[in-house]
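Notes follow the structure.
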Amino acid sequence: MLNKHNLVFLGPPGAGKGTIAQLLARDSGLVHISTGDIFRNEIGSGTELGKKARGYVDSGGLVPDDLVSEMVGARLSRPDCTPGFILDGFPRTLNQAGLLKPALCRIGKKLDCVVNFEAPYDLLVKRLTARIICSKCVTNYNRLFSPPQKDGVCDLCQGALYSRPDDSLDTAIDRLRVYKEQTEPLIEYYRDEGILVSVDGSQSKEITYPMVLEVLR
Ligand code: AMP
């Protein structure tokens, strides 16, 4: 179905990377690797990694590059990534992008495509502060744009929905600033590598998802 299998989803928080990555993973068999989800899991389980990451995640700052790169390298070398992967939320700095290359080389892979999700700032703030997530299956909903059928309950697995603490207005604004300063330069970096494709992330998932499928064919 797809010609491109080793993917990075790039873009600011709230641009729809996670939502589209979930749909794509469901339909294609590619593994969805969300570094944010991994950190939230580790924090929830109280692991050593979770303890190290907690302060950064809560404040909307970035977890140190070496910690996150090592974690992603280990995840990518698991056998379920053989058919391909969607990196969602990694890399987030030029240094992480530099560390990703040798990690992929070690497993005989290289990136096929970086999909850059674009959306205007005001919409990102609106989406982040109204976002709710399933505590069981991590499906995303939005109180304004895509509410669940039953208040507070996941349509798919009946799990309880919650708001991420770092989606509070102040922290969301901080995360968007961190994105601009640290992550946005990756657009140029991957454009220079010739593997960047930009898509309009401001539309609903029903519109954006087919556009993403199109660029991966
Ligand atoms: P996300 O779910 O992608 O919005 O990530 C939530 C939080 O996890 C971020 O605000 C960071 O604190 C941390 N995080 C996720 N991915 C990375 C990364 N690649 N580098 C550093 N920190 C990250």
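Just so you know, ligand 1 is whichever comes first in the structure, and atom 1 is the first atom listed for that ligand. Note that these values count all heavy atoms, side chains included, but never hydrogens, waters or copies made by symmetry.
The 12-atom threshold is exceeded at NZ of K109, counting heavy atoms of other residues, nucleotides or ligands nearer than 6.0 Å. Within a 6.0 Å radius of CD in E184, more than 12 heavy atoms belonging to other residues, nucleotides or ligands are found. Atom NZ of K126 is surrounded by 12 or fewer heavy atoms from other residues, nucleotides or ligands within 6.0 Å. More than 12 heavy atoms of other residues, nucleotides or ligands sit less than 6.0 Å from atom CG of D192.
Looking only at heavy atoms of the protein, atom 16 (N) of ligand 1 is closest to T35 OG1, 2.7 Å. Residue, atom and distance of the protein heavy atom nearest to atom 8 (O) of ligand 1 are V57 CG2, 3.7 Å. The nearest heavy-atom contact from the protein to atom 22 (N) of ligand 1 is V63 N, 3.0 Å.
The shortest side-chain heavy-atom distance between L7 and V115 does not fall under the 4.5 Å cut-off.
Remark: ligand 1 atoms within the under-4.0 Å shell around heavy atoms of G61 are 10 (O), 11 (C), 12 (O). Applying the 4.0 Å criterion to heavy atoms of V68 picks out, from ligand 1, the atoms 18 (C), 19 (N), 20 (N). The contact set between ligand 1 and R40, taken as ligand atoms under 4.0 Å from a residue heavy atom, comprises 2 (O), 6 (C). Under a 4.0 Å criterion applied to the non-hydrogen atoms of G89, ligand 1 contributes the atoms 16 (N), 17 (C), 18 (C), 19 (N). Heavy-atom proximity to Q96, at under 4.0 Å, picks out these atoms of ligand 1: 18 (C), 19 (N), 20 (N), 21 (C). Residue Y56 approaches ligand 1 through these ligand atoms, each under 4.0 Å from one of its heavy atoms: 12 (O).
Checked by distance only, ligand 1 and F39 stay at 3.5 Å or farther apart across all their nitrogen or oxygen atoms.
Without hydrogens or angle criteria, K17 side chain to G89 main chain gives no donor-acceptor distance under 3.5 Å. Distance alone, capped at 3.5 Å, is enough to place a donor-acceptor pair between the S135 side chain and the A160 backbone.
Relative to atom 9 (C) of ligand 1, the option among R92, R164, R175 with the closest non-hydrogen atom is R92.
Between Y141 and P147, the shortest heavy-atom distance links the atoms CD2-C, 4.2 Å.
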